[in-house]
Amino acid sequence: MASVELFQEPIRRRYYAPYLSCSYLFFLLSVWVLLCLPFFLSYDTNFWLKTNTYREQPDNAYEYKILVQATGLAGSDNYFYSSVPDLNRLRGETLKMCSVKTREVDDNRDSIPDKFRLEVELPLASAESVSKVDALVFFRTQLQNKAKIVMESAIHISYDSGSAGAGLYTSGNMIFSQTHPLPVKGGYVTMYSNTDLLDPSKISGSSDGDIRTILEQISARNLTMTYKPELTHWTPVVDSASASTFTLTADIKIPTADIVYIPTAVEVLRDAWIKYLSMFVVVGFFLEKLCSFVYFHQIVETKMLVETVGSNVGVPHFKRF
Amino acid sequence: MRPTSPLAFLPLSLLLLPALVLSQVDDCEPTKHFQIDDIIGSAAAYGNTVNVFMPPGCSCKESDVAKSECVIFDCDCKCDLTAGACDMNCCCDSECTAEQTQFFTEKDLCLDPGVSDPVYETCYSPYEVGAVNPKYPMRSDDSAENAYKNLLCVQTDNSGTKGIFFETGTTRSELYPSADEAFVTGPDCTTTFDYSCWSPSATISSDEHYLLGDTIAATTGDGSTNMAAAFGGLLPLPVADQSGICNEANSVKFGEYEEEANKCKREKRASDLQNQCEELDFDFDRFTKDFYVGSTQNAKDSISATSTAGFVQVEVATVSKAGANVYDYRSTGDVLPVTTWNTGTSTCENALKSLCYEVTYNDVFNIIAVTARVEVEDIVESSSAEYVDQEFSVEFSMYGDPNTARSIENNNYVNRTRSGNPGYIFGRPVLAGRKHILNDAAVMADTSGFQVMSGVNGECDVSTGDFSASDANRGTTVGFGEDSSVGCTLSLTEAQLKAMCGGTSHTGDYLYDYSNEVKMPWWLTSMNNLTSTTKVGIFGNADPMDITQWIDVTEKAPTFSATFSDTTLTCSNFPTATHYKFQWTYVGSTTNPQAKIMSARVEYSTSPMTFLDKRVAGATQKFPFTVTVDWTYKELNSEKYSPPPPPIIFSVPYDVFYPFQIDNAAGRNGGSWIVIGLAAIGASLASLFLI
């Protein structure tokens, strides 16, 4: 009657030797190699994960704060507008009230704006002109994944034509920039909470709205949002003698950014363990073959026990090389 | 080697002397092109008349083939560009003497002859060469080994293969196919291109029905003779070019029009205004008088010099002029004014200021009428060139009832432009209006939508004392989802500030009595202060005939009372800003969400108005006023909806498979899933026995 294989299991060979023997010394050496060699093989400058990167789209919420500064061909063509009323009152004759329209576009409806559209209309009386325009737009920027931070940021839109214009169209990306990696501490961290770029509650003079001063503050920060224009078009105007409107239109895309952060201890150990283990497996494989050869052929003297039927420990088998 | 003496070139100089003299006499004209008349009589001048394959200057590489039939050839002196003379530095030029060639060679000036450098394909190893007789103390260093490179090589490949040549064919027709054969297929202009791809091609009109975006034929003339295409044969819609100047080479496209007119400028030339007035830029007759528009799309192919068949004439409906009556030919039969030049006052009277074509088409998309609304103004001649603003627009409307009956259910009682259907489209005007004064169930919707003040020139308009449509204090249309801030400034002296704070307008009557205590400028007032509460459409297709589709803009009334301090020169508690707040959300399917307005509110705020400099008498100071619009998104939870299961043969308790969810909460009678599961189990068991 034919039979079929139902189950299989290996039979082990066990090797024994006294503590004070070359075999035991070889055993210790094997253990040391098994544990340490993978570490040396996998170790390099990147073994311990000091920084890591992940991708995240910053959540930029418009703070309804904007500064617009424009100059024209004539010396008197100097205009200022802010959405902060206290700043406007301190600007005297240079104040020119603008019409500002903004819209945050969330294409994929993930509650994070993907685009930001800005339209500023600067009314001009006859003989007034605009040839250069600067705008600072303030956002509340938030990272929500690993490096959870909240901060106030501002992007700078600037263009100097040299000739009078009726409008500026610009399209570009709002890029998250960082000089140093971000710490990961679990909860949200409010960055630069003591140094607001523009605090409407602390307006004491017109210098509070000075764009250059704010830009210097931004430059001193580690984390910034930067506007990088890709497409720009300046619409010239031939008739600067009559009243008109200068229109600044900006289509700002907010792409996903690479966030560099300092990993936690758990992440560092996990990453190192993976690197170590990958070498450990290789070393262990070859070491197992080596030990098997050495012990089986009695290159170092050991006592070999082979498991057999009816015996839990097997039959001793001695062989001298 | 013998050094080359300058005297060696003396014979060459003598030879070239006549040519140099001639070139100087002939105003330095180049003398490279010979005169064929000088040598036409010489029989020796006639060359090869049969060789069509190998050009001159080349040598045949083909064996046992006559020169006239050689198609395998090579050419080896591309720097020989001057026929009949030695080309400077062209060492391969056979017209150069041996002395000249030697001179060029010694100076290392030889130009590339066009023949590739010999390739040393087989060279003896430099190490082997260096190892020959390496007896001490002789040895080879690196520089010596470099010298051994290419020392012993096979330079000339005289193998049976003479190279790889282009297959040019062996007959004249193959070598020089006719133009018809060569260009039988032009570029398809989708993957391969040439300049002809972008040449204008005649547009073939194949349909009499207009499609969206079709241009519209236009012709002008007296209707029977001398008819000719106008503005290039297309109905014009001038638009601003990159400098803002009106460009008339832009045409109306059927069914396409913008909410705002095209604004552009015309240069008012100081010495040519009369001509501009009577015939050119400011004469609106150019766009309206004896002007015909194609009623069908293919009318542009049938423009006739003697007939207007297939065309409809443009009629001027109204001519309006600021400060004068509106001349309405259509309703009252007024005699319409025309653009004329007044020599006495040097004024162009009734010059074109704005033009709007009203195009009416029928249900098969044929144009049945075109009327024009014209706005004119007087332009006075000036000593220098100036610019005048003009506006051009077009509107389309269909004549007749729509296919579906007009009803509340069909939402088409009133012809209007929707801001979405049903959900608002971002950026489209927010629908706004007030309760109808004659019918409480209807809304008087504003065709411009929800509007707030516009800061024209940046200054607040104190000239008018109401909130009329022509007032500059309104004019900024609020788009759905657009956060907006508009403002204006009011220049006041200290006394004027104090008067305004006390409720008295320093000029005109720009303060509105909101209540006994509160007065505010007209430009800050909400539309609800006039007759009734302002309403906004909940959805973008809100029907003016159904007031339930509209919600109120709830007002938070101001309670502050203005006071002026003579010590601090500060006006406190005077309204300086209006804030509109809209809350919106999405409804409907999450895959096709519809935006709607949930709630709307208006409130007012105040900030101190301090006069900064009292020392200068009569000094003015700008005080800003602002209207803002904020949109807040209200996120609603989404729920998964599954319709109740269809009736089944038997029912089981709803929680028979708890905790596994097999149905929605609405279906408490078990479900078809149970039947399907049982069927699947049965099928599995049956298959075990069948296999």
Side-chain angles (χ1 to χ4, degrees), chain A residues 62-66 68 79-107 109 111 113 115-126 128 163-167 233-246, chain B residues 240-245 263 265-268 384-389 426-427 452-460 475-476 478-491 576-577 586 590 593 605 607-610 612-613 620-631 633 635:
Chain A
Y62 177 50
E63 282 191 332
Y64 298 88
K65 283 197 296 190
I66 183 172
V68 179
Y79 316 111
F80 178 88
Y81 170 75
S82 166
S83 59
V84 180
D86 284 344
L87 270 182
N88 288 339
R89 270 187 285 279
L90 297 170
R91 280 293 172 161
E93 291 303 308
T94 62
L95 174 62
K96 180 76 81 173
M97 296 299 286
C98 295
S99 166
V100 180
K101 292 183 179 179
T102 60
R103 185 152 66 93
E104 296 171 351
V105 182
D106 181 12
D107 289 327
R109 296 202 301 276
S111 301
K115 296 175 191 169
F116 180 76
R117 183 177 176 83
L118 169 70
E119 184 178 305
V120 179
E121 290 185 350
L122 180 70
L124 298 173
S126 58
E128 291 182 338
S163 62
H233 180 259
W234 178 266
T235 305
V237 63
V238 295
D239 177 25
S240 59
S242 58
S244 60
T245 300
F246 177 85
Chain B
D241 65 8
Q242 70 275 10
S243 300
I245 303 297
K263 297 178 181 178
K265 294 180 181 296
R266 297 280 195 185
E267 183 181 9
K268 187 177 71 172
S384 59
E386 294 177 353
Y387 293 89
V388 177
D389 292 326
F426 282 92
V452 295
M453 76 166 172
S454 59
V456 178
N457 297 335
E459 298 289 332
C460 301
T476 301
V478 176
F480 182 87
E482 283 184 344
D483 293 308
S484 307
S485 173
V486 294
C488 63
T489 57
L490 186 61
S491 295
T576 56
Y586 284 118
T590 55
S605 67
S607 57
M609 304 169 70
T610 303
L612 298 177
D613 194 354
T620 60
Q621 180 179 325
K622 284 183 175 179
F623 293 96
F625 295 87
T626 310
V627 177
T628 64
V629 181
D630 298 324
W631 292 84
Y633 173 61
E635 188 169 5

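We use all heavy atoms of the structure for the numbers below, so side chains are in, but hydrogens, waters and symmetry mates are not. In what follows, every chain begins at residue 1, and chains take the letters A, B, ... in the order their sequences are listed.
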Visitor: Out of A:V100, A:I66, A:N88, A:L122, which one racks up the most heavy-atom pairs below 4.5 Å with chain B?
Guide: A:V100
Visitor: So which residue, B:S485, B:P593, B:S484, ends up with the most heavy-atom pairs under 4.5 Å with chain A?
Guide: B:S485
Visitor: Side chain, backbone, both or neither: which part of A:S83 has a non-hydrogen atom closer than 4.5 Å to chain B?
Guide: neither
Visitor: Short question: side chain of B:K622, backbone of A:E93 - any donor-acceptor pair under 3.5 Å?
Guide: yes
Visitor: Identify which part of A:Y64 has an atom lying under 4.5 Å from any heavy atom of chain B, answering side chain, backbone, both or neither.
Guide: side chain
Visitor: Between A:M97 and B:F625, what is the shortest heavy-atom contact and its length?
Guide: CE-O, 3.6 Å
Visitor: Tell me, out of A:A166, A:P236, A:G165, who's got the most heavy-atom pairs with chain B below 4.5 Å.
Guide: A:P236
Visitor: Is it the case that A:S244 and B:Y387 place a side-chain donor and acceptor less than 3.5 Å from each other?
Guide: no
Visitor: Between B:Y586 and chain A, which part of the residue has a heavy atom less than 4.5 Å away: side chain, backbone, both or neither?
Guide: side chain
Visitor: Would you indicate whether the side-chain heavy atoms of B:T476 and A:K101 approach each other to under 4.5 Å?
Guide: yes
Visitor: Could you give the distance from CZ (A:R91) to OG1 (B:T489), rounded to the nearest 0.5 Å?
Guide: 15.0 Å
Visitor: Hey, does A:L95 have a side-chain heavy atom less than 4.5 Å from the side chain of B:P624?
Guide: yes
Visitor: Quick one: what part of A:R117 sits under 4.5 Å from any heavy atom of chain B, side chain, backbone, both or neither?
Guide: neither
Visitor: When rounded to the nearest 0.5 angstrom, what is the spacing between CG in A:L118 and CG in B:D483?
Guide: 11.0 Å
Visitor: Side chain, backbone, both or neither: which part of B:E267 has an atom under 4.5 Å from a heavy atom of chain A?
Guide: neither
Visitor: If I measure from the heavy atoms of chain B, does A:L124 come under 4.5 Å with its side chain, its backbone, both, or neither?
Guide: backbone
Visitor: Picking from A:K96, A:E119, A:R109, which has the most non-hydrogen pairs under 4.5 angstrom with chain B?
Guide: A:R109
Visitor: Is it the backbone or the side chain of A:S111 that comes under 4.5 Å from a heavy atom of chain B, or both, or neither?
Guide: side chain
Visitor: For each of B:G427, B:S491, B:G481, tally heavy-atom pairs with chain A at distances under 4.5 Å, and name the one with the top tally.
Guide: B:G481
